[in-house]
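In what follows, every heavy atom counts, from backbone to side chain, and hydrogens, waters and symmetry copies are set aside.
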Amino acid sequence: MRDLGAGFGYLVKGQRWVTGHGRSLGVGLLPGLVTLVLYAAALTGLAYGADDFVGWATPFADGWSSPWLSLFRGFLTALVFAFGLFLAVITFTAVTLLVGQPFYEKLSEDVDRAESGGEAPESGLPLWRELWISARDSVRVLTRVVLYGILLFALGFLPVVGQTVVPAIGFCVSGFFLTEELTAVALQRRGVELAERLALLRTRRLLVLGFGVPLTLAFLVPFVAVFLMPGAVAGATLMVRDLREETPASPEPEPESTGGLTTA
């Protein structure tokens with residue numbers, strides 16, 4: 001259980017780190033703001049167009065009498081918008097990381113340099129290659145999340161368990177894969193592939209959940225997600241160093257003085 005607290009501790013440390021480095025915080029906010037504007041525009045368009053889409057998709061109901069036609073299409077319209085909102089929530093982090101890849105890599109490198117005394121791992125790959133790998137891995141992760149989501153949605157119809165245990169499992173699944181997305185920024189620079197990243201995170205599941213589940217709950221509020229993202233990347237980098245047992249830099253020893261003279 002100690003790992004749960006340690007995972008949450010990395011989330012707090014990451015927020016403190018970016019707060020103490022105002023430049024990194026400012027740069028790290030830009031991708032989240034851009035993504036938020038894009039998603040807000042898309043959801044607004046969906047809100048205005050969902051009823052037209054439902055009407056187009058259900059021509060067989062045109063002859064239904066009132067109130068059944070309104071109730072049926074109203075329910076489907078709400079379902080379409082809820083599904084769009086669900087997709088927005090589960091893809092927001094992946095899209096933000098993709099949009100802000102250069103910014104978050106720089107932030108992650110700064111954290112590594114601060115912790116290691118000036119050194120940071122580098123992938124040595126061109127930017128286009130890093131973006132391709134990030135996009136490819138994000139699609140793979142999102143596919144896993146959607147499959148888990150379908151399964152948990154089906155289990156949600158079970159009495160009692162579906163309204164208590166299943167939502168809790170859902171937040172744990174979301175927290176695990178959210179942590180994978182965030183730690184990928186640091187691990188990709190270290191040349192760690194997706195399968196190896198997932199295996200590494202499974203070795204410390206409670207640590208990962210302690211970091212990812214509170215963040216998942218916070219990310220349900222889009223504005224909160226924007227402001228927490230830079231600190232989340234910083235905290236994930238700190239956690240990667242722990243998972244890979246990378247020791248922090250030792251302070252330089254002070255020179256010994258003898259009788260007012262400094263020895264070399």
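To the nearest 0.5 Å, atoms CG (Leu71) and CG (Leu76) are separated by 11.0 Å. Between the CG atom of Leu11 and the CG atom of Leu228 there is a distance of 7.0 Å, given to the nearest 0.5 Å. From Cys172, atom SG reaches atom CG of Leu152 across 10.5 Å, with rounding to the nearest 0.5 Å. Remark: Phe227 CZ to Gln15 CD distance equals 12.0 Å, nearest 0.5 Å. The CG atom of Leu243 sits 5.5 Å away from the CG atom of Leu207 when rounded to the nearest 0.5 Å. With values rounded to the nearest 0.5 angstrom, Leu97 atom CG is found 6.0 Å from Glu181 atom CD.
A salt bridge between Arg189 and Glu105 is absent, with no side-chain N of the basic residue lying under 4.0 Å from a carboxylate O of the acidic one. Taking a cutoff of 4.0 Å between a charged side-chain nitrogen and a carboxylate oxygen, Arg241 and Asp112 qualify as a salt bridge. A salt bridge links Glu193 to Arg136: at least one charged side-chain nitrogen sits closer than 4.0 Å to a carboxylate oxygen. Comment: Arg204 engages Asp242 in a salt bridge, judged by a side-chain N to carboxylate O separation of less than 4.0 angstrom.
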- Can you check side-chain contact (heavy atoms from CB on, under 4.5 Å) on Phe177 and Leu142, steps first, answer last? CA-CA 8 Å; Phe177 285 110; Leu142 288 175; over 6 Å; no
- Are Tyr39 and Phe92 close enough, and set up right, to give a ring-ring contact (aromatic ring centres under 6.0 Å, His included), and what steps lead you there? CA-CA 8 Å; Tyr39 271 63; Phe92 183 85; 5.7 Å; yes
- Task: For the pair Val165 and Ile169, evaluate side-chain contact (heavy atoms from CB on, under 4.5 Å) and give the outcome as yes or no after the intermediate values.
- Result: CA-CA 6 Å; Val165 177; Ile169 295 175; 3.7 Å; yes
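Using the six-membered ring where Trp is involved, His21 and Trp17 have ring planes that are parallel, under 30° apart on the 30 and 60° scheme. Ring geometry for Phe72 versus Trp64: interplanar angle of 30 to 60°, hence tilted.
Counting all heavy atoms, side chain and backbone alike, Ala232 lies closest to Leu215 at CB-CD2, 3.7 Å. Here the closest non-hydrogen pair linking Leu238 and Gly14 is CD1-N, 4.3 Å. Here the closest non-hydrogen pair linking Pro102 and Val99 is CD-O, 4.2 Å. Residues Ala186 and Val240 share a closest heavy-atom pair of CB-CG2, 4.1 Å. Between Leu201 and Val208, the shortest heavy-atom distance links the atoms O-CG2, 3.5 Å. Considering every non-hydrogen atom in both Gly32 and Val226, the closest pair reads O-CG2, 3.5 Å.
Counting only heavy atoms from C-beta outward, the side chains of Leu182 and Met229 approach each other to under 4.5 Å. Contact of the Asp3 side chain with the Arg205 side chain is not registered, since no non-hydrogen atoms from C-beta on lie closer than 4.5 Å. Between Pro230 and Leu107 the shortest side-chain heavy-atom distance falls below 4.5 Å. Taking 4.5 Å as the limit, some side-chain heavy atom of Leu151 sits within range of a side-chain heavy atom of Leu155. Using a 4.5 Å heavy-atom cutoff, the side chains of Leu46 and Phe53 are not in contact. Taking 4.5 Å as the limit, some side-chain heavy atom of Glu180 sits within range of a side-chain heavy atom of Leu194. Between Thr19 and Arg16, the closest side-chain pair of non-hydrogen atoms is not below 4.5 Å.
Without hydrogens or angle criteria, Thr203 side chain to Leu200 main chain gives a donor-acceptor distance under 3.5 Å.
With hydrogens and angles left out, the side-chain atoms of Ser108 and Thr237 include a donor and acceptor closer than 3.5 Å. Checking Thr183 against Arg197 by side-chain atom types alone, no donor-acceptor pair falls below 3.5 Å.
Val145 and Ile150 end up in the same hydrophobic cluster when Ile, Leu, Val, Met, Phe, Trp and Tyr side chains are linked at under 4.5 Å.
Taking the centre of each ring, Phe8 and Phe211 stay at or above the 6.0 Å mark.
Geometric assessment of Lys13 against the ring of Tyr10 yields a positive cation-pi assignment under the 6.0 Å and 45° thresholds.
Within 6.0 Å of CZ on Phe60 lie more than 12 heavy atoms contributed by other residues, nucleotides or ligands.
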